[in-house]
Amino acid sequence: MRDAQQSPTMMIMDIRCTRHFLGWDQPSLDNAARWILDRYLQDSELDLSDLHVVLPGRRAARALLGNLVDLSEKHGCVLIPPITLTPLEIPASMINIVGAGLSGGLGTHASPISQRLAWIEAIQSIDASKLTGLLPNAPEPDDWDQWIGIGGWIGGLSDELCDAGLRINEVADRGALILDETESERWDALGDVQDHYERILKGLGIVDDRLVALDHSFDDELANSSAQQFIFIGLPELGSIARSAVELAGCIVDSLIFAPEILADRFDEYGCVLTDQWLKADIDIDENRILFEDTPSDMCEQALAQLALRGERMGNDAIDSSSCVIGLADETLIGSLRQHASLAGPNLGIELHAPMGQNASSTPPGQLIALLQAYLRNQTFDSLADLSRHPVTEHAIATQYFDSEPDNTRPAAWWLSAIDQIHQDHMLTNTIQVPAGAHPQLQEQVAFVIRVISELLEPLLVSPGQDRTVVEWANRLSDTLGHLYKDIELDVQSQHDGPTIEGLKAIRRTLDEINDADKTGQLMPVTSSQSAMALILDRLGEIMLAENINRDAIETLGWLELPLDPSPICIVVGMSESCVPGSVTHDPLLPGSLRNELSMSTNDDRLARDTFLMTGIHASRDAVFMCARNGDKNDPVTPSRLLLRASGAALAKRLGRFVDPSVDQPSRHSLAKETGHGLCNQYRKTLRVCGDYVAPESMSVTDFDAFLRSPAQWYLERKLRLREIDTGTRELSPSHLGSLIHSILEAFGKDETMRNLDDPDSINDALIHLLDLETKSQFGTMPTAAVAVQTQLLHPRLGWFATQQALRRRQGWSIAHTEWSPEKSSQISILVDGVPMGLSGKIDRIDTHEDGRFAVIDYKTGKVEDALKAHQKKDTWLKLQLPLYRFLVHQLVGNHELLLGYAGLPSIADEEVWKFADWDQDELDSADETARQIIRRVREMSPGDVLDLGDSPPDAGILGFITGQRFDVGGHEQVRESETEETGVAL
Amino acid sequence: MRASAGSGKTYELTSSFIAHLLSGEDPSGMLATTFTRAAAGEILHRVLGRLSAGVLDEGSLSELRTAVNDPDLSHEQCDHVLTLLVHQLHRLSIMTIDSFFSRMASSFSLELGLPMSYRLIEDDEEESLREESVDQAIHECSSSEMVEFLRSLQGERVQMQTHSAIMKAVGYGYAMYMATNADATIWNTIEPVGHQMSTADLDIALTEVERASIPTSKSTGKPNGHWANAKSKCIGTIRTCSWADMLGGGLGGVVLKGILTGDTPTYHRLDITADLFESLKPIVEHARYVLSQEHINRTQAVFTLMSRFDHAYRAAKMSSGRLSYEDPPRLLNEAGVTGELEHLYYRLDASIRHVMLDEFQDTSMPQFNLIEPIIDELLSQESEGRSVFVVGDIKQSLYTWRQAEPKLLGALTNRWEVFGEKSLSKSWRSSPVILDAVNAVFGDLQSNDAMNSKEVGALAATNWDTDYETHEAAKEELPGYVSLSVADGDEEDESDDTQRVLWSCAGRVAEARAQSPDASIAILVRQGKHIYPLLGMLKKLGIDACEDRGNPLVDAPSVAAAVSMLELIDHPSNSAALYHVRSTPLGNIVGLDNPNRVGSVTSDLRRQISLQGCVPVLTQWLKATAHSMDQRGFTRFTQLIELAGQLQDNGRPGAATLAMVAQSRKIDEPGHAPVRIITIHRSKGLEFDVVVMPLLGQSWQIRPDTILSKRDVPLGPITRVTRYPSEVMRAVHPDLKDIYDQSMIGQINEELCCLYVAMTRAKVSLQMVVPSDREGLSGDPVGKYSLKPAHFIRAALSPDLAASPGATLYELASDQGWPEGIQTENTQTNAPPPIPVTLRIKAPQRLRAGQLMAAAPSSEHNTTEVSAASLLCNPDFGQTARDYGECVHAAFEQFDWLGTKPDDAELYDLLTRTGHDPDTIKEALKELNRAVESGPIQEIFDLQRWITNHPDSNSMPPCVHHERPFAVRMGKPGKERLVQGRFDRLVVGRDGTRVINAQIIDYKTDRGARGLEASKLAEFAMKHQPQMNAYRTAAASMYGLEETAIEIALIFTAAPGVVYL
């Protein structure tokens, strides 16, 4: 280990660097390539194989290489490409160069998974008191989700310090002036963790590249190595380890600086930015190059408008996609930019290319692992439905289904309906146990899906508590994915399959890393399957998959990549203080003051660097810099200090523009959407009767009630039988509750013994028994809290009902029928205009009295309404249910007196349970006439007729959309009658 | 600073901020907090804007001089300070108080045990997490406990639809649980009252009651009938142990009152007999004991349930890495890490020297507890130039339900005497007539008959009046109008009072719209449930209206159809969604014209969404149906796409999530300024030209599902908690009555605040509507006033008038009509519309090589199709295989020709320096030796044979390159790639200086090649053909050779053997 006092800043070196100022009035990498060609071309061969070219990023390296290829082609010479590096890679590369001379070699590098596991092991095994000092709320040992995060965090911390040339255990000494005892102890504890981490890796024969590089960058052995040749190209900063390694090894460096030589005193000996010098510099920029917009979305649209404006100014039909670039000072804006671009252009659909690509966990295979994890964590119909909706699972289930039922022609993914249905009807939010009371066909269908999923996931599905090692889970996951992807072929040329292919490769790489770690003898944590999935997903989240180049797309680039991009037009969005320059202030371990003390990169360093970069970008192309005043949640945004590198009136005016949007309004542009809207809104419809409408020959008693509420609703719900799916509810809806109570009372009424009971307690016992049976049958043993409470709330209601039922029984009434319907052969109908309309219905209960009276009873789930009020408002009939029951029971009742009424389950004892209507014959005749009118209206309906919404059309859900009752559906413009279209569609 | 509505508190706060800057303070030492993001933005913009204006113009400078009390302030000073400020923008702390606590929490994330990557939770996610946690909490107890909880909150008539009741009850309970820092003792401080009796004693006492005499009728001398009935009922309640019924009225209630007051109880104007009183007394005490104990138990049960919920909820949040806004202050308080300010400032990387706290009346105790040490320190060092600026208005305290503690503002001066106080009561917002009405209503509450209708009302009035200062108008000439009118309707009108009031309000909006089309108009409602009915009413009147900042996107039919389609994608059996989509232009576009294709269409769309998210799918729909939409439908659809993008960026890309959020999240329409219907709470901080207020008939009372609390001192902790005590319980237990009354005063105060906030939002016109008072149509209404908003306003503005339908009870108008006031205020000219520009992009003729896609030769494939499973299963993949391969390659690199091959010991030594495992090296060397001993491989490394085989190279020795890098363009135009790679071994033959041929050797260590005979090996090698072709093209391109001049050989070390391609 190197001496802690041997600070990189104290080393005295013989600098062998030559600076070359290439100016900033043209694309920099073109200049650099030409400079290299001039310098190294020999005998028609541009052999750069011994040259180390250091550029700020990978993209710039590729661009330079491309320029060299093009130049070589142009000059007809053979190009042997150089080694290209980023500054962070310099130390490792130096050590590899001299690695052969180092005792024992460097060792195999530890994979990210190995590193993560080693960090977790290291931190978990430090002294308990130190751990408490560091993590007073340390997760439980088996809380792997949290430990994975902690492992990642400490690894990141170690890397960050390494890049600054520090080991963790140096921090306490170096920061002694500002660290109090508690903070020093925390750093000491972390130092122990890092030491332990290295011991773990050493024991496995693997190394952490960064730590090795750190150790050897100050090693004398470097000084003994032969001098290497480096070219630094456009490096605004170098980093202390790289600087040390280059100096120690006495490398010969040429630094190409993209600035005019007149500014030479603003750069150090390696051509890097001198913070003090650049901090003093203003950025001389035209006001129209800095734009402020209200929101990020406005800014993204305006960025594209600025490109369009340039196209128009150039008089071109279109801008060459390679001539412009959008800089993302805030990389999270890519989504919003894409959306605006997708709606721009003559044909809607300008594409953007984002080099940062997507991470592997968001590819379809990554999503599948996340769904597997969710299902393994919590096996519910929600997670089952989500998993079975993934295209690969869907494919696997379909394959199994067609294997077992080759002749069946059910629609694609038919099982989703079964899952939805059972989820919705049985409130199964906490389990996948199908209750016994579910419809047999539904049970069978769902059982099939569960069986297939269980078979596919068999390697991963173990009983709770059966934890296994991560490597075992990795291999089981591999097997599972192998099964799921068994028959799937992918097209390597297709953009469509690209993410899947790359995602699968990343998964393979991750699983191999775990296997390799196991082979090296690394301690494999014993976890649940979902925790192992979390580790794998975490790793996949770190693997970035590049997006394919798209010649038609506008390029987008991160801030640091922009200066070396050759595009002559550059629009930079997201120039806010939180993004560029990045600044670090508060932090749980490394607040700004400690960073300063440790000579890490400071906020001033970043400001100086970015001032240089922005100056260079502005000087070398047509650039615009944009900032939004507010964030996407209306949070205030502070403009980047780079936009305010001015003074006096210029600064004040610019800030005036920032705080007052009206100043810039006269010069604003908007992005035209040439494929814009039409003149009328064809989405706004008048609800009409379908083309294939045929009047019903029979109606149920409740159809009449539905029609009275709203003819449109009757049509949609009763005639077309439209149904919505809502799997989000967690309690029994009124109709669910009604069904539950009807089931209980039906069973009670059908049981010979029960229905004749006249003792309240016995009736109550019977009803509670039936409630328990029915609840378990319908909702299983793990209902939601709300369902459990609802069934509990039924207890006292049933208790009061039992009391009243006993009384009624003792008064001579007995239950004759429950859930009764007339025989089909009886063909009940109402004659209207000489044509019979069949009448159907099911009566909840029919009582008979010893004196010969009959009572038709409709059950209500709560407080019993007054039957009269429920049916009539003044002379208007609201419902016809009870009066129409007369037709159904006519043959049964004959000439006996018939009572029509309700029975309910009020929540308060003492409230009435039975309420009977007392209609006279005139009123009943009026009800019958209303029914006839409805029948006439139903018969008169013809295709194309506008449907009457009535007084109570549905105002929620999709039926609310359809009837135009939800929110403001209906639009703001009148549609001419001729432009309306038929809305009725036969199903 | 006590600042009334519209009096310029933001101005004062920013003046204070600027004054500190001008005095040389470092911006990083200043903290300004408020409660909303918009307000934080306004403060920031005001600071920057006022300083900038001070640099640029004399008028602004002069105004700034007055504001900061520095008559000598110059442009140069402003410039200097502005420059310093912008240099320190990254250290500027102007933020919401929640952001400040989040910053503190992330600075102590390790101590707090926060997940390493957490984010603030979205509302819908929070709801779902809460639901799951409630389920878990209730599964751990019996559902009967939950029923009991609900019953205690809702009374006996518990609704069967329980979910929202449960969630609301948990909301109240949990807020209090957190406010008491989960301290069970605070929930257990109420002691039972009365005395418990044994069953035997109770029986004896009952017998005595039965025997006890009752007063007799003076006329007949017989026992009084009322007393007889009452006694009988009382005995019945004792027998059934219905203690609440017993004490709720009748004799039990009378005796209870007698016990508590010491007076002789009377009933129907007759005194109780001594024997009955004495016999009932112990039973009443027993009833008190039983009821109070039950109440205490139920309060504790709420705590237990909350404790279970808390456990589940915390765990769910931690494991999902999502925190709600109240978590940071709670966790910080729990961890107690912020006590040492030096430590706090170290972590925050800023030493706070000045604090400016806006809207202080909305601060909760947990928040105050975190700020208190900072205030304490700053005030103790006032002489060192440190300061604390607090601004608030106790009359605008609307957030007590969120545990805001309005008393804090008044208590500050007691807690820290060093505080100086100042009041601002001059309004810069409202017209004089509006302020006259505000003063008339709020200036003298103690004289308001509605307030005096209850004792607690009178107490609340006294408190209010103490703090109220008469409002003055800064804009004395601003025209205005105020009215208080009664909703229309007659006895035949069957709609209820609420409906009539709302319709009247809608009518007033229509009139206002007609009078001044450009006016900003708002209807301010107390409860959100009135928003949708009002939207419907305004729609029927043809008025464009929206909720809050906007409606959910589904208010546009085009979006509604898309949302139905999104529903259908996940739920193909949703026939309503299918019908809806098919009845719109979208149906044909997605292919639903044939209903049999629903399954396959939705399946395809699920696949597309899985690959790319919803954005491209929605964009495709928009492109295809844009011509079928009107302007508004198009705009709303583009907003749907934007919403989809935002959700996708937040890792929530699914169709179901988008459908849900599109139906619930309110999104403003750009350029659309309709009438707004907003709850009063949401209107805080806003202002409108015209405000219409429905004043409904509900009483001001505490909701039964509320948990009540009490503090002994305003800045002290909560000392007592109880669930809602019913009227009987308040009669039974004086402590409960005390807590209830205190809470009721708070409740009344908040209701007054709501009315105050609503009235003071109006700039020029304020129109209030009350329901008609049928009983008050004749006679004196005063005696009927009760604690209702309608009565309160009527009692203040027109105390003696009956509220007959359609009547105007109060009206105050300036000489000029109010629409002129709007013209006076809105002087800003309309900005010209932006100039439209069209973006067109074309592909370049030829890309520069640096812009080409990078590719490796090994990425070339034989076919375009690969099996997905094969990508998951590569036997040659993995570290061991890689290590081994690298070793073999490294060994071959050590010599050009066989004659120069080092011996094994030397090779071993060289290879150990590469860091590889010794066993792997030994294995690799063994394989190398085996390979080079085989004839075909030996030939390749034989220099003489090479020369012989390449006679055209003029007997010149070839040049051997190991690991030779290359980079070339490759591929057809339009599909070119920049291919980079390395030749394992490249032998270049020359004729003089001209390269005439090349041999590429590629080493393959595939284990699968082991022992294969020549023909099988050739077959095996075919999989490398595409890669080798790429090598050939590359070499040819580099050296300008025909491809035929390139020889390629694959050396399979495991076979061993050579295949020429």
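Values below: every heavy atom of this structure, side chains too, minus hydrogens, waters and symmetry copies. Each chain gets a letter, A, B and so on, in the order the sequences are listed, and its residues count up from 1.
We find that A:Arg641 and A:Glu577 are joined by a salt bridge, their nearest charged nitrogen and carboxylate oxygen being less than 4.0 Å apart. A salt bridge is absent between B:Arg840 and A:Glu312: the closest approach of a Lys/Arg side-chain nitrogen to an acidic carboxylate oxygen does not fall below 4.0 angstrom. Between A:Asp512 and A:Lys505 there is no salt bridge, since no side-chain N of the basic residue sits under 4.0 Å from a carboxylate O of the acidic one. For B:Asp544 and B:Lys539, the salt-bridge test fails: no basic side-chain N is under 4.0 Å from an acidic carboxylate O.
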Exercise for the section: Carefully, step by step, assess B:Leu82 and B:Ser52 under the rule side chain to side chain contact (heavy atoms under 4.5 Å, CB included). Expected result: CA-CA 7 Å; B:Leu82 190 62; B:Ser52 301; 3.8 Å; yes
Exercise for the section: Under the salt bridge (Lys or Arg N to Asp or Glu O under 4.0 Å) rule, what do A:Arg389 and A:Asp420 come out as? Steps first, then yes or no, please. Expected result: CA-CA 12 Å; A:Arg389 281 190 198 108; A:Asp420 282 345; 3.8 Å; yes
Handout entry: B:Leu839 and B:Ile841: CA distance, side-chain angles, deciding distance, side chain to side chain contact (heavy atoms under 4.5 Å, CB included) verdict
Key = CA-CA 7 Å; B:Leu839 179 60; B:Ile841 295 292; 4.0 Å; yes
Practice task
Show your reasoning for whether side chain to side chain contact (heavy atoms under 4.5 Å, CB included) applies to B:Leu847 and A:Arg551.
Solution key: CA-CA 8 Å; B:Leu847 284 176; A:Arg551 291 158 50 88; 3.5 Å; yes
Handout entry: side chain to side chain contact (heavy atoms under 4.5 Å, CB included) between A:His496 and A:Asp491, intermediate numbers included
Key = CA-CA 8 Å; A:His496 188 261; A:Asp491 182 352; over 6 Å; no
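Only the side chain of A:Leu416 has a heavy atom closer than 4.5 Å to any heavy atom of chain B. If you measure heavy-atom distances from B:Ala40 to chain A, the contacts under 4.5 Å come from both the backbone and the side chain. Residue contact with chain A, scored on non-hydrogen atoms closer than 4.5 Å, involves the backbone and the side chain of B:Asp135 alike. For a residue to count as touching a neighbouring chain, one of its non-hydrogen atoms must lie under 4.5 Å from one of that chain's; by this rule B:Asn574 touches chain A with backbone and side chain alike. With a 4.5 angstrom heavy-atom cutoff, A:Pro566 touches chain B only via side-chain atoms. If you measure heavy-atom distances from B:Arg46 to chain A, you find no contacts under 4.5 Å at all. With a threshold of 4.5 angstrom between heavy atoms, A:Arg338 does not approach chain B through any atom at all. Only the side chain of A:Leu737 comes within contact range of chain B, with at least one heavy atom under 4.5 Å from a heavy atom of that chain. For B:Asp570, the parts lying near chain A are the backbone and the side chain together; criterion is any non-hydrogen pair under 4.5 Å. Only the side chain of A:Ile554 comes within less than 4.5 Å of a heavy atom of chain B; its backbone N, CA, C and O stay farther away. Looking at B:Met318, the atoms closer than 4.5 Å to chain A (heavy atoms on both sides) sit in the backbone and in the side chain alike. At a 4.5 Å heavy-atom cutoff, the contact between B:Gln980 and chain A is made by side-chain atoms alone. Neither the backbone nor the side chain of A:Leu64 has a heavy atom closer than 4.5 Å to any heavy atom of chain B. Residue contact with chain A, scored on non-hydrogen atoms closer than 4.5 Å, involves the backbone and the side chain of B:Leu611 alike. For a residue to count as touching a neighbouring chain, one of its non-hydrogen atoms must lie under 4.5 Å from one of that chain's; by this rule A:Asp660 does not touch chain B. The contact between B:Val86 and chain A is made by backbone and side chain atoms together, counting heavy-atom distances below 4.5 Å.
B:Glu642 and B:Thr638 share no donor-acceptor pair across their side chains, judged by distance under 3.5 Å alone. Counted by atom type alone, B:Ser564 and B:His580 present one or more donor-acceptor pairs between their side chains at under 3.5 Å. A:Gln790 and B:His163 share no side-chain donor-acceptor pair at under 3.5 Å. Side-chain N/O atoms of B:Ser99 and B:Thr96 include a donor and acceptor closer than 3.5 Å. At a cut-off of 3.5 Å, with distance as the only test, a side-chain donor of B:Ser610 or A:Gln367 sits close to an acceptor on the other residue.
Across A:Gly152, A:Ser647, A:Gly648, the residue that shares the most heavy-atom pairs under 4.5 angstrom with chain B is A:Gly648. Annotation: maximal heavy-atom pairing with chain A below 4.5 Å, among B:Arg606, B:Met1038, B:Arg91, B:Arg607, occurs at B:Arg606. Counting heavy-atom pairs closer than 4.5 Å to chain B, the top residue among A:Pro411, A:Gly311, A:Gly862, A:Pro391 is A:Pro391. Heavy-atom pairs under 4.5 Å with chain A were tallied for B:Leu110, B:Thr584, B:Val563; the largest tally goes to B:Leu110. Of the listed residues (B:Leu978, B:Val55, B:Val995, B:Leu89), the greatest number of heavy-atom pairs within a distance under 4.5 Å of chain A belongs to B:Leu89. Counting heavy-atom pairs under 4.5 Å between each of B:Ala576, B:Gly599, B:Gly633, B:Ala843 and chain A puts B:Ala576 at the top. Listed options B:Leu92, B:Leu586, B:Val615, B:Thr83 were ranked by heavy-atom pairs under 4.5 angstrom with chain A; first place goes to B:Leu586. Note on B:His90, B:Glu131, B:His45, B:Met116: by heavy-atom pairs under 4.5 Å with chain A, the leading option is B:His90. Chain B forms more heavy-atom pairs under 4.5 Å with one residue of A:Leu307, A:Thr861, A:Asn548, A:Asn630 than with any other, namely A:Asn548. Among A:Leu490, A:Leu504, A:Val78, A:Asp552, the residue with the largest count of heavy-atom pairs under 4.5 Å with chain B is A:Leu490. Taking A:Gln421, A:Lys519, A:Glu724, A:His390 one by one and counting their heavy-atom pairs under 4.5 Å with chain B, the maximum is reached by A:Glu724. Taking chain B as the reference chain and counting heavy-atom pairs below 4.5 Å, the highest number among A:Gly149, A:Pro81, A:Ala786 is found for A:Pro81.
Residues passing the side chain to side chain contact (heavy atoms under 4.5 Å, CB included) test with A:Thr332 are A:Asp330, sequence neighbours excluded. Listed by chain and residue number, B:Ser573 satisfy the side chain to side chain contact (heavy atoms under 4.5 Å, CB included) test with A:Ser417 (two or more places apart in sequence, or in another chain).
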